[in-house]
Amino acid sequence: MKKNMNIFSKEKVQKTLFVGLIVLVFGVFLLSLVMTDGSEGTTPTPDNQQNQENNNNNNENNNNNNQPEQSVEEKKEKYVSPIKEEQASVFRQFYSLESDEATQEMSLIQYGNKYFMSKGVTYRNDNNESFDVLASLSGKVLSVTESSVYGNTILVDNGDGVVTEYVGVSNVLVSLGDEIKQGDVIASSGNAEYDIAAGNHLHFKISIDGKYYDPYKLFGTEK
């Protein structure tokens, strides 16, 4: 009987170990599944990676947009003479009450039996020869007109209310609407009945908001 009890005890122990082994294996299997699910939940998919990159890019763009823009100061032009100094010189000046008597006298233009105050500067040379007319400022051609009294006249809109006028010119090289740059040759000097005494010349005027100013006082200053 004792022998039978030993056999029974051995069989019971074996069954217990077997069941325990099964439980252990099953437990390990469940644990591996849980760990695998957790790792897959934290591993980014390609779509998630792309979304993350897009979010990063958007954040960078937002940061850039939030940064203050750097102001770029626009380069301003200075008023310059409409002629080359070696080609011509001043013949008639802008009429001003502040000028001396001699200057005022030479700043009067005789047309017929009347005298008119010069609203600009007249250029000519000693040989009464034609010379180049240059754009004093960059701008857009407002008009090109022809008159039996004033000859050909070019008006240029220079922006900010500034208009430059080139009166009595010939060989006009620009047309209505043309964009011109400072220093461009736009015409040649010419003759006009309005100022016969000046011979071959250029009469140059500058107006700001409709008021004429002495070009020589503006030359070298910013527009």
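Residue indices begin at 1 and follow the sequence shown.
The 12-atom threshold is exceeded at CD of E86, counting heavy atoms of other residues, nucleotides or ligands nearer than 6.0 Å. No more than 12 heavy atoms of other residues, nucleotides or ligands lie within 6.0 Å of CD in E85, so this atom counts as exposed by the packing criterion. Surrounding CG of N127 are more than 12 heavy atoms belonging to other residues, nucleotides or ligands, all under 6.0 Å away. Heavy atoms of other residues, nucleotides or ligands lying less than 6.0 angstrom from CD of E179 number more than 12. Within a 6.0 Å radius of CZ in F116, other residues, nucleotides and ligands contribute more than 12 heavy atoms.
Linking ILVMFWY side-chain heavy atoms closer than 4.5 Å, directly or via other members, places V133 and I83 in a single hydrophobic cluster. A chain of hydrophobic side-chain contacts below 4.5 Å, direct or via other Ile, Leu, Val, Met, Phe, Trp or Tyr residues, connects I206 to I154. When hydrophobic clusters are built by joining Ile, Leu, Val, Met, Phe, Trp and Tyr residues whose side-chain heavy atoms come closer than 4.5 Å, directly or via intermediates, Y150 is not grouped with V169. L173 and I180 are members of different hydrophobic clusters when ILVMFWY side chains are connected at heavy-atom separations under 4.5 Å. F94 and M106 are assigned to two separate hydrophobic clusters, defined by single-linkage of ILVMFWY side chains at heavy-atom distances under 4.5 Å.
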Fill in: Derivation of the side chain to side chain contact (heavy atoms under 4.5 Å, CB included) call for D209 and D160
CA-CA 8 Å; D209 295 329; D160 300 325; over 6 Å; no
Fill in: side chain to side chain contact (heavy atoms under 4.5 Å, CB included) assessment of S81 paired with Y123
CA-CA 10 Å; S81 173; Y123 299 91; 3.8 Å; yes
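In terms of modelled atom types and a separation under 3.5 Å, the side chain of S170 and the main chain of S189 share a donor-acceptor contact. Of the possible polar contacts, one joining the Q104 side chain to the L97 backbone as a donor-acceptor pair under 3.5 Å is found. A donor-acceptor distance shorter than 3.5 angstrom exists from the side chain of D214 to the backbone of Y216, with no hydrogens or angles considered. Side chain of Q87 to backbone of N125: no donor-acceptor contact under 3.5 angstrom is found. A donor-acceptor pair is defined here as one N or O able to donate and one able to accept, closer than 3.5 Å; such a pair exists between the side chain of K223 and the backbone of N158.
Closest heavy-atom contact between K78 and Q182: O-NE2, 2.8 Å. Here the shortest heavy-atom pairing between R124 and G199 reads NH1-N, 4.4 Å. Pairing each heavy atom of V172 with each of A187, the nearest pair is CA-CB, 4.0 Å. What you find for F91 and A197 is that their closest heavy atoms are CZ-O, 3.8 Å. Scanning all heavy atoms of the two residues, the minimum distance from G168 to A192 falls at CA-CB, 4.3 Å. Across Q93 and V90, no two heavy atoms sit closer than the pair CG-CG1, 3.8 Å.
The CG atom of L134 sits 8.5 Å away from atom CG of D184, with the distance rounded to the nearest 0.5 Å. D132 CG to S188 OG: the interatomic distance, rounded to the nearest 0.5 Å, is 5.5 Å. Taken from OG in S136 to NZ in K205, the straight-line distance is 14.5 Å, to the nearest 0.5 Å.
Taking the six-membered ring for Trp and the full ring otherwise, Y166 and F204 have centroids separated by under 6.0 Å.
You'll find the side chain of L137 reaches within 4.5 Å of the side chain of Y79, heavy atoms only. For the pair I208/V162, a side-chain contact is recorded, criterion being any heavy-atom separation below 4.5 Å from C-beta on. Looking at V156 and K140, their side chains never come closer than 4.5 Å, going by heavy atoms from C-beta outward. Here the side chains of V167 and Y194 are not in contact, with every heavy-atom distance at 4.5 Å or above. Residues N191 and I196 fail the side-chain proximity criterion, which asks for heavy atoms closer than 4.5 Å. For the pair P82 and L202, the minimum side-chain heavy-atom distance is below 4.5 Å.
At a cut-off of 3.5 Å, with distance as the only test, a side-chain donor of E77 or S138 sits close to an acceptor on the other residue. Checking H203 against T122 by side-chain atom types alone, a donor-acceptor pair falls below 3.5 Å. No hydrogens or angles considered: nothing links the side chains of N200 and S130 as a donor-acceptor pair under 3.5 Å.
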